[in-house]
Amino acid sequence: MEKRLKILGYISIGFGALAAFLCVAPVLGIGFTFAVFFAILAGFVGMVTSAIYVFIDTKNEINKHKFTAGVLGMLLSSVPIVFMLAVIIMSKMNH
């Protein structure tokens, strides 16, 4: 069980890191719409896997730490949403 949970934690961190990277990708020259669409998609999958990780971890009391792989995955997966909110607020302020 612990090995599967560790793999699920790595998957959630991976999707979260992919989502965070794709938010920075327009700066690197990748199209904005393409990158943000896939960043939100990867963030959603990362958020779901992180929620499953946190649920299983809390239910079975496997990790006693407050900052686990699921929490890190959730933080990284929320980057695209925060990025989109910042873009919307900045565009409203310019008008």
Side-chain angles (χ1 to χ4, degrees):
M1 179 62 132
E2 288 183 33
K3 188 173 184 175
R4 289 184 202 162
L5 190 65
K6 187 178 273 191
I7 292 171
L8 188 63
Y10 290 142
I11 290 171
S12 68
I13 290 173
F15 274 111
L18 178 67
F21 172 74
L22 286 174
C23 283
V24 181
V27 176
L28 302 175
I30 299 172
F32 180 77
T33 306
F34 171 80
V36 172
F37 174 74
F38 285 109
I40 291 174
L41 187 65
F44 178 74
V45 173
M47 192 67 74
V48 169
T49 55
S50 297
I52 293 170
Y53 178 94
V54 170
F55 174 75
I56 293 172
D57 186 34
T58 305
K59 180 181 171 190
N60 297 328
E61 297 179 359
I62 295 172
N63 291 325
K64 302 295 183 195
H65 308 289
K66 290 186 179 185
F67 195 75
T68 61
V71 174
L72 180 61
M74 257 186 216
L75 289 173
L76 288 171
S77 296
S78 63
V79 168
I81 304 302
V82 173
F83 177 74
M84 287 305 298
L85 284 173
V87 168
I88 290 170
I89 291 170
M90 289 175 72
S91 70
K92 294 291 183 184
M93 291 177 74
N94 288 336
H95 286 110

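Counting begins at 1 with the first residue of the sequence. Side chains are part of it too, since the values below use all heavy atoms of this structure and drop only hydrogens, waters and symmetry mates. Note that this is a predicted model, so its numbers are computed, not measured.
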Would you say V79 and M84 are hydrophobically clustered, going by side-chain heavy atoms of ILVMFWY under 4.5 Å?
no

Under a single-linkage definition using a 4.5 Å side-chain heavy-atom cutoff for Ile, Leu, Val, Met, Phe, Trp and Tyr, are L8 and F55 assigned to the same hydrophobic cluster?
yes

Least distance between heavy atoms, A69 atom then G9 atom:
CB-CA, 3.8 Å

Determine whether L22 and V82 fall in the same hydrophobic cluster, where Ile, Leu, Val, Met, Phe, Trp and Tyr are linked whenever their side-chain heavy atoms lie under 4.5 Å apart.
no

Please determine whether residues I62 and Y53 belong to a single hydrophobic cluster, defined as Ile, Leu, Val, Met, Phe, Trp and Tyr linked transitively by side-chain heavy-atom distances below 4.5 Å.
yes

Taking all heavy atoms of L76 and all of I13, pick out the closest pair and write down the distance.
CD1-O, 4.0 Å

On a heavy-atom basis, the closest approach of A39 and P80 is O-CG, 3.4 Å

Are L75 and F67 close enough, and set up right, to give a side-chain contact (heavy atoms from CB on, under 4.5 Å), and what steps lead you there?
CA-CA 11 Å; L75 289 173; F67 195 75; 3.9 Å; yes

May I ask whether I81 and M47 are part of the same hydrophobic cluster, defined by side-chain heavy atoms of I, L, V, M, F, W, Y residues being less than 4.5 angstrom apart, directly or through others?
no

Can you measure from CG (N63) to CD (E2) and round to the nearest 0.5 angstrom?
7.5 Å

Please give me the minimum heavy-atom distance between G70 and S12, naming the atom from each residue.
CA-OG, 4.3 Å

List the atom of G43, the atom of S77, and the distance in Å for their closest heavy-atom pair.
O-CB, 3.4 Å

I'd like to know if the side chain of S50 and the backbone of M74 have a donor-acceptor N/O pair within less than 3.5 Å.
yes

Which distance, rounded to the nearest 0.5 Å, do you find between the CG of L41 and the CZ of F15?
8.5 Å

